[in-house]
Protein chains: 2
Amino acid sequence: MDNQEKQSKEQQILAAAEQEFLTKGYDGARTTSIAQAAGVTHAMLHYYFRTKEQLFERIVDEKFATMSHSMFTILDDPSLPIVERIKGGIAAHFDFIAANPLLPRFVINEIVSRPERYEVLYKRAGFVVNSVYNGLQAEIDRAAERGEIERVDVKMLFISIMSLNIFTFVAYPFMEPIMGELMANREQFLAARKAENIETILRRIKKQ
Amino acid sequence: MDNQEKQSKEQQILAAAEQEFLTKGYDGARTTSIAQAAGVTHAMLHYYFRTKEQLFERIVDEKFATMSHSMFTILDDPSLPIVERIKGGIAAHFDFIAANPLLPRFVINEIVSRPERYEVLYKRAGFVVNSVYNGLQAEIDRAAERGEIERVDVKMLFISIMSLNIFTFVAYPFMEPIMGELMANREQFLAARKAENIETILRRIKKQ
DNA sequence: CTTTGTTCTAACAAAATTGTTAAACAGTAT
DNA sequence: ATACTGTTTAACAATTTTGTTAGAACAAAG
């Protein structure tokens, strides 16, 4: 058996499936279309992954892990002073989403259309997030007492950061055609948008 | 012919279709399921709307109009001073999305999955948005020259406002389970979130 | 060269989903 | 009453999509 070839077929199918599922969602994806894009017969797809459902789960598992990882990039380097840390965290998160622009919409759509499925996953995530945020809240509170920044709710701050960073990519296809020159050059716009998001959040925590 | 009854059947189907399409999207929606939810046979659905496609278009047309309308609520009352106007605009937009929480995700998903379809619609929207924003940009520039606010790009500001307001609802099902007590009471959270969004934007334009 | 296990193909099967039609039905006007 | 109109039902048809299977082709090992 040629291990290279076998690997490659499976990988080809997975790559095609990822593209199809991320853009069209589970319902819109077609196993025949995935097989075609991967350059194999649709019987092969079933041979390797048995069902559409199982193939989908392979993608979902990876994407949920990636999404969850992306949220922790907001925490960034704990050794830096708080303002620098937040600044770096926003930038890191922005870059992460820029590298995975289809991810948030996919994850959100999944959770909306089949919430039951992810309940277990979520119970755990809740605990982790809570403990991590408690630590950061304490750090922010100390900085606020020293008068370095405004006292803010760290969860609210995180929602704002995620809103600003994620929405840029989720709504990109929606806004690009109506925003004219501002979004004409994607690279340029994303750089400007990243700076704008950082500025917006830093002003939010700035002591006045 | 009983006009009341006829109206009501059509309305029942439309209402059920709206619910189904907004939550599941075109691909996930089933005509039989819509018919069942509306309390009619699926043949009736075809009698009134011929095809799934045509029924969907009825919903899409209305929803796109609503979405476009929602974006103009950000402009709010032109007679107010600029800061008050922006404040009111954010609040109005937030309330609008709160009343139509499924709208943005639906519209964005549609545009991502079938961009060709909305190209024409968009050419026009681009012009309108551009001229409206130019007017507001001039007003902001004047206020900045008077030293009332910071000079900002109005399109960037709009993207930030939409990000903060819309993401709250798009990602609600995603964040609710991991945010603990903060989001335990929906009403309370939304009120806090609205205030937070306004505060964030006002600080962004505040002269320092 | 035969055996063995895996990969692959082509044809088929099953199910789900959308769409159609003929006929029954109800109300209204002639 | 009769003919006419739009509405409704039930059964059916067509298509799409997913999933299965028998066996061919192939590579590796004895």
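Throughout, a chain's letter reflects where its sequence line sits, starting with A, and its residues are numbered from 1.
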Engineer: D/dT18 P sits how many Å from A/Gln54 CD, rounded?
Structural biologist: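 The answer, rounded to whole Å, is 15 Å.
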Engineer: Kindly say whether the aromatic ring centers of B/Phe94 and B/Phe169 come within a distance under 6.0 Å.
Structural biologist: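 Yes.
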Engineer: Could you list the protein-to-nucleotides 9-17 of chain D atom pairs, N/O on both sides, closer than 3.5 Å?
Structural biologist:
from: D/dT17; atom 1: OP1; to: A/Arg30; atom 2: NE; distance (Å): 2.8

Engineer: Any non-hydrogen side-chain atom of B/His93 less than 4.5 Å from a side-chain atom of B/Ile166?
Structural biologist: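 Of all side-chain heavy-atom pairs linking B/Ile166 with B/His93, at least one is under 4.5 Å.
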Engineer: Calculate the interatomic distance between A/Leu45 atom CG and D/dT18 atom C1'; express it in whole Å.
Structural biologist: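 Going from A/Leu45 (CG) to D/dT18 (C1'), I get 10 Å.
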Engineer: Rounding to a whole Å, what distance do you find between B/Phe56:CZ and C/dT17:P?
Structural biologist: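 Rounding to the nearest Å, CZ of B/Phe56 and P of C/dT17 are 17 Å apart.
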Engineer: Taking C-beta and beyond as the side chain, do B/Val132 and B/Phe72 meet within less than 4.5 Å on heavy atoms?
Structural biologist: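 Yes, side chains in contact.
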Engineer: For a 4.5 angstrom cut-off between non-hydrogen side-chain atoms, does A/Glu181 reach A/Phe189?
Structural biologist: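 SC-SC contact between A/Glu181 and A/Phe189 ruled out.
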Engineer: Please determine, by modelled atom types, if B/Ser160 and A/Arg193 share a side-chain donor-acceptor pair under 3.5 angstrom.
Structural biologist: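 The criterion, which ignores hydrogens and geometry beyond distance, is satisfied for A/Arg193 and B/Ser160.
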Engineer: CZ of A/Arg50 versus P of C/dC8: gap in Å, rounded?
Structural biologist: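 Whole-Å distance recorded here is 17 Å.
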Engineer: Starting at atom CZ of A/Phe49, determine the distance to atom P of D/dT18, rounded to an integer number of angstrom.
Structural biologist: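 After rounding, the reported distance stands at 15 Å.
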Engineer: Atom CD1 of B/Ile34 to atom P of C/dT17: distance rounded to whole Å?
Structural biologist: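 So the two atoms are 12 Å apart, to the nearest Å.
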Engineer: Does B/Arg85 come within less than 4.0 Å of B/Asp77, counting only side-chain N to carboxylate O?
Structural biologist: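 Salt bridge between B/Arg85 and B/Asp77, a charged N being under 4.0 Å from a carboxylate O: no.
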Engineer: Measure from OH on B/Tyr48 to P on C/dG19 and round the result to the nearest Å.
Structural biologist: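 That distance rounds to 18 Å.
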Engineer: Would you kindly give the CD-to-C1' distance between A/Glu10 and C/dT6, to the nearest whole Å?
Structural biologist: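 Rounded to the whole Å, the gap is 13 Å.
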